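The analysis underlying the following values was restricted to heavy atoms, covering all of them including side chains, and did not include hydrogens, waters or symmetry mates. Counting begins at 1 with the first residue of the sequence. Treat the numbers as computed from the prediction; the structure is a model and nothing was measured.
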Amino acid sequence: MRDPRNARTDELNAIIDTKLTALVQELEDANWSVEDIAVGIQQVLSRNWLDQIEAMRRARAAVPDNFVSDGNEG
């Protein structure tokens with residue numbers, strides 16, 4: 001039996017692939033090169049999401065496992 005989490009990830013990846021393919025085709029029709037499109041997508045993902053996700057991962061990793069918040073950290 002397949003892991004339902006992997007099936008869900010596969011489904012998400014298929015949706016993203018479909019939408020990115022449509023975007024790339026639309027931009028190619030507007031005379032953008034595939035290389036420019038791919039680099040642009042990578043830059044936007046990095047700047048808007050991946051950098052923030054990585055920062056959150058580092059922040060979570062820096063908090064001790066036994067940390068209990070008293071609500072006054074900020």
Side-chain angles (χ1 to χ4, degrees):
M1 182 173 195
R2 287 192 69 171
D3 181 352
R5 196 172 52 197
N6 286 342
R8 184 120 170 101
T9 299
D10 291 346
E11 179 185 5
L12 177 61
N13 288 346
I15 292 167
I16 292 169
D17 184 52
T18 299
K19 299 225 178 241
L20 282 175
T21 298
L23 175 63
V24 169
Q25 289 173 345
E26 180 182 336
L27 291 170
E28 280 185 291
D29 290 345
N31 295 319
W32 291 95
S33 74
V34 173
E35 182 178 357
D36 288 342
I37 297 165
V39 169
I41 290 170
Q42 180 184 31
Q43 289 172 344
V44 169
L45 283 172
S46 180
R47 181 177 59 244
N48 293 346
W49 289 286
L50 297 175
D51 291 348
Q52 293 174 18
I53 290 168
E54 183 56 33
M56 291 298 291
R57 285 180 180 163
R58 284 192 308 269
R60 281 192 296 269
V63 176
D65 290 338
N66 61 352
F67 175 78
V68 177
S69 172
D70 64 4
N72 292 313
E73 291 80 29

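- For residues 21-37, the side chain to side chain donor-acceptor pair (under 3.5 Å) pairs, not counting sequence neighbours, are Ser33-Asp36.
- Hydrophobic clustering places Val24 together with Leu45 (ILVMFWY residues linked when any side-chain heavy atoms are closer than 4.5 Å, directly or through intermediates).
- Leu20 and Ile15 sit in two unconnected hydrophobic clusters of ILVMFWY residues. Membership requires side-chain heavy atoms under 4.5 Å apart, directly or through other members.
- For residues 40-58, the set of pairs meeting the side chain to side chain donor-acceptor pair (under 3.5 Å) definition, not counting sequence neighbours, comprises Ser46-Asp51.
- With contacts defined as side-chain heavy-atom distances shorter than 4.5 Å, the pair Asp17/Asn13 does not qualify.
- Hydrophobic clustering of Ile, Leu, Val, Met, Phe, Trp and Tyr side chains at less than 4.5 Å, counting indirect connections, keeps Val34 apart from Ile41.
- The shortest distance between side-chain heavy atoms of Ile37 and Leu23 does not fall below 4.5 Å.
- The cluster map of Ile, Leu, Val, Met, Phe, Trp and Tyr, joined by side-chain heavy atoms under 4.5 Å apart, puts Val39 and Leu27 in different clusters.
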